[in-house]
Visitor: 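Take this structure first; my questions come after.
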Amino acid sequence: IMTFCLLASCLNSLAYADDKPTPVVPAPPEFEVFLATLDIAKGQVGTPINISNHLGYDNQPAFLLDSSGLYFVSDRTGSTDVYLYDIKSKKTKQVTKTVEGEFSPTPLANGNGFSVIRVATPNAQGADSTNPPVWRYNNDGTPGESLLDIVGIGYHAWFDDDHLALFVVGDQEKNTPHTLVLADRTTNETVLLSDAPGRQLGRTPDGKRVSFVDKSDPDHWVVAAIAPGEDQATVLVDTPQGAVDEQEQDRSEDYCWLPD
């Protein structure tokens with residue numbers, strides 16, 4: 001039996017105020033983080049429990065390595081900070097308290113803190129195209145250091161100790177697409193893996209490939225995986241199909257790997 005989170009997420013889109021050409025960043029949508037049990041053998045999900053219970057933006061949960069709790073982000077203090085929910089005590093505490101916004105908290109494999117997407121000056125898409133956003137934070141919530149000298153990153157996932165899969169936000173005005181790259185944090189060199197990725201990134205259980213939602217075919221999204229040096233991704237499974245009139249922003253593109 002394992003526990004998991006139910007969540008919704010979105011990437012901010014371009015918005016304008018009063019028909020003026022100056023772009024503004026939309027306010028984060030209202031989301032909650034739920035926790036439930038999952039019985040894999042029986043294929044049953046327990047009753048979801050709202051663990052964020054906050055009117056505002058609560059999103060992007062990530063379990064601690066020992067499964068004793070999970071990080072998530074919330075905008076309770078005017079900026080988006082990282083919070084920690086302890087499963088046993090059912091208590092939540094604030095971990096970071098900065099003027100920057102922190103997103104996508106991810107525990108580091110060596111236990112030396114966690115990584116985040118740190119947004120200091122958001123653009124119209126919600127990404128930071130001015131400051132390198134991938135940072136390491138200490139376990140007590142104090143900022144450590146910038147891990148990559150690359151800007152415009154929306155999401156990240158660790159491939160190994162020195163490589164990260166990055167969702168790089170495109171430029172709507174320049175009509176450049178979102179891309180998925182594999183970055184070496186020791187050299188800042190990147191390798192293009194996809195020019196039509198979804199936001200959910202991961203690593204296959206064998207540790208050899210980056211997994212992502214491939215949106216190359218707008219009508220047929222798939223979960224795919226690709227290894228460094230491969231020219232083409234391997235299709236793993238189709239994403240769930242919704243209603244015929246389902247809008248693109250409502251389509252399913254979130255997934256996770258089970259322990260087995």
Side-chain angles (χ1 to χ4, degrees), residues 4-15 25-33 57-63 70-75 80 82 101-106 114-119 122-129 133-135 148 150-159 164-172 176-183 190 192-204 209-226 233 235-242 246-257:
F4 75 107
C5 284
L6 305 177
L7 72 155
S9 180
C10 79
L11 182 66
N12 289 331
S13 59
L14 185 65
V25 180
E30 294 183 1
F31 286 127
E32 298 281 8
V33 178
Y57 182 78
D58 303 278
N59 212 327
Q60 301 177 338
F63 283 102
L70 57 102
Y71 291 124
F72 66 94
V73 298
S74 182
D75 62 353
T80 306
V82 177
E102 286 93 30
F103 298 89
S104 303
T106 305
F114 55 92
S115 57
V116 300
I117 299 297
R118 171 170 153 155
V119 179
N123 60 17
Q125 286 77 42
D128 194 330
S129 54
V134 182
W135 276 66
L148 283 166
I150 300 173
V151 300
I153 299 169
Y155 304 94
H156 75 300
W158 287 91
F159 184 69
L164 299 92
L166 306 174
F167 179 102
V168 181
V169 179
D171 189 317
Q172 293 181 343
T176 57
H178 304 318
T179 56
L180 169 62
V181 302
L182 187 66
T190 62
L192 178 66
L193 300 180
S194 172
D195 57 7
R199 61 176 175 251
Q200 184 71 48
L201 308 178
R203 184 181 66 173
T204 55
R209 296 177 294 173
V210 174
S211 61
F212 65 102
V213 173
D214 188 347
K215 298 182 177 180
S216 300
D217 183 345
D219 299 321
H220 186 203
W221 294 357
V222 297
V223 178
I226 187 170
V235 175
L236 303 178
V237 66
D238 294 346
T239 60
Q241 294 294 313
E246 185 178 40
Q247 300 297 309
E248 180 171 338
Q249 63 267 23
D250 298 323
R251 293 172 65 181
S252 176
E253 60 173 302
D254 293 307
Y255 68 90
C256 67
W257 289 99

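Note that the structure is predicted; figures quoted are calculated from it, not measured.
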Visitor: Is any side-chain heavy atom of Ile117 less than 4.5 Å from a side-chain heavy atom of Tyr155?
Guide: no
Visitor: Calculate, to the nearest 0.5 Å, the distance between atoms CD1 and CG belonging to Ile226 and Leu180 respectively.
Guide: 8.0 Å
Visitor: Taking the side chain as everything from C-beta on, heavy atoms only, tell me whether Thr239 gets closer than 4.5 Å to Glu253.
Guide: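 In short, these two side chains do not touch, never coming nearer than 4.5 Å.
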Visitor: For the residue pair Leu201 and Ala165, what are the closest heavy atoms and their distance?
Guide: CD1-O, 3.6 Å
Visitor: Side chains of Trp158 and Thr106: do they bring a donor and an acceptor to under 3.5 Å?
Guide: no
Visitor: Please name the pair of heavy atoms, one in Pro105 and one in Val116, separated by the smallest distance, quoted to 0.1 Å.
Guide: CA-CG1, 4.0 Å
Visitor: Test your reading of the model: is there a side-chain donor-acceptor pair from Tyr255 to the backbone of Ser211, 3.5 Å cut-off?
Guide: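 Between the backbone of Ser211 and the side chain of Tyr255 there is a qualifying donor-acceptor contact (under 3.5 Å).
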Visitor: Which heavy-atom pair separates Gly202 from Ala157 by the least distance, and what is that distance?
Guide: N-CB, 4.2 Å
Visitor: About how many Å separate OG1 of Thr80 and CZ of Arg118, when rounded to the nearest 0.5 Å?
Guide: 13.5 Å
Visitor: Would you check, one step at a time, whether the test side chain to side chain contact (heavy atoms under 4.5 Å, CB included) holds for Val169 with Phe167?
Guide: CA-CA 6 Å; Val169 179; Phe167 179 102; 4.2 Å; yes
Visitor: Would you indicate whether the side-chain heavy atoms of Phe212 and Leu193 approach each other to under 4.5 Å?
Guide: no
Visitor: Can you tell me how far NE2 of His178 sits from CG of Asp171, rounded to the nearest 0.5 angstrom?
Guide: 10.5 Å
Visitor: Between Pro197 and Ser194, which heavy-atom pair has the shortest distance, and what is it?
Guide: N-OG, 3.7 Å
Visitor: So among Val210, Ile150, Thr179, which one has a side chain to side chain contact (heavy atoms under 4.5 Å, CB included) with Leu166?
Guide: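 Looking at Val210, Ile150, Thr179, the match for Leu166 under the side chain to side chain contact (heavy atoms under 4.5 Å, CB included) is Ile150.
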Visitor: Once you round to the nearest 0.5 Å, how far does CD of Gln60 lie from CZ of Arg199?
Guide: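 If I round to the nearest 0.5 Å, the distance is 9.5 Å.
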Visitor: Over all heavy atoms of both residues, which pair between Ser115 and His156 is shortest? Give the atoms and the distance, please.
Guide: OG-NE2, 2.8 Å
Visitor: For residues Ser104 and Gly154, report the shortest heavy-atom separation together with the two atoms involved.
Guide: OG-O, 4.5 Å
Visitor: Has Thr204 got a side-chain atom pairing as donor or acceptor with Arg209's backbone, closer than 3.5 angstrom?
Guide: yes
Visitor: For the pair Tyr57 and Phe103, name the ring-plane relationship: parallel under 30°, tilted 30 to 60°, perpendicular over 60°.
Guide: perpendicular
Visitor: Between Gln200 and Asp254 (side chain of the first, backbone of the second, donor and acceptor by atom type, cut-off under 3.5 Å), is there such a pair?
Guide: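 No, Gln200 side chain to Asp254 backbone: no donor-acceptor pair under 3.5 Å.
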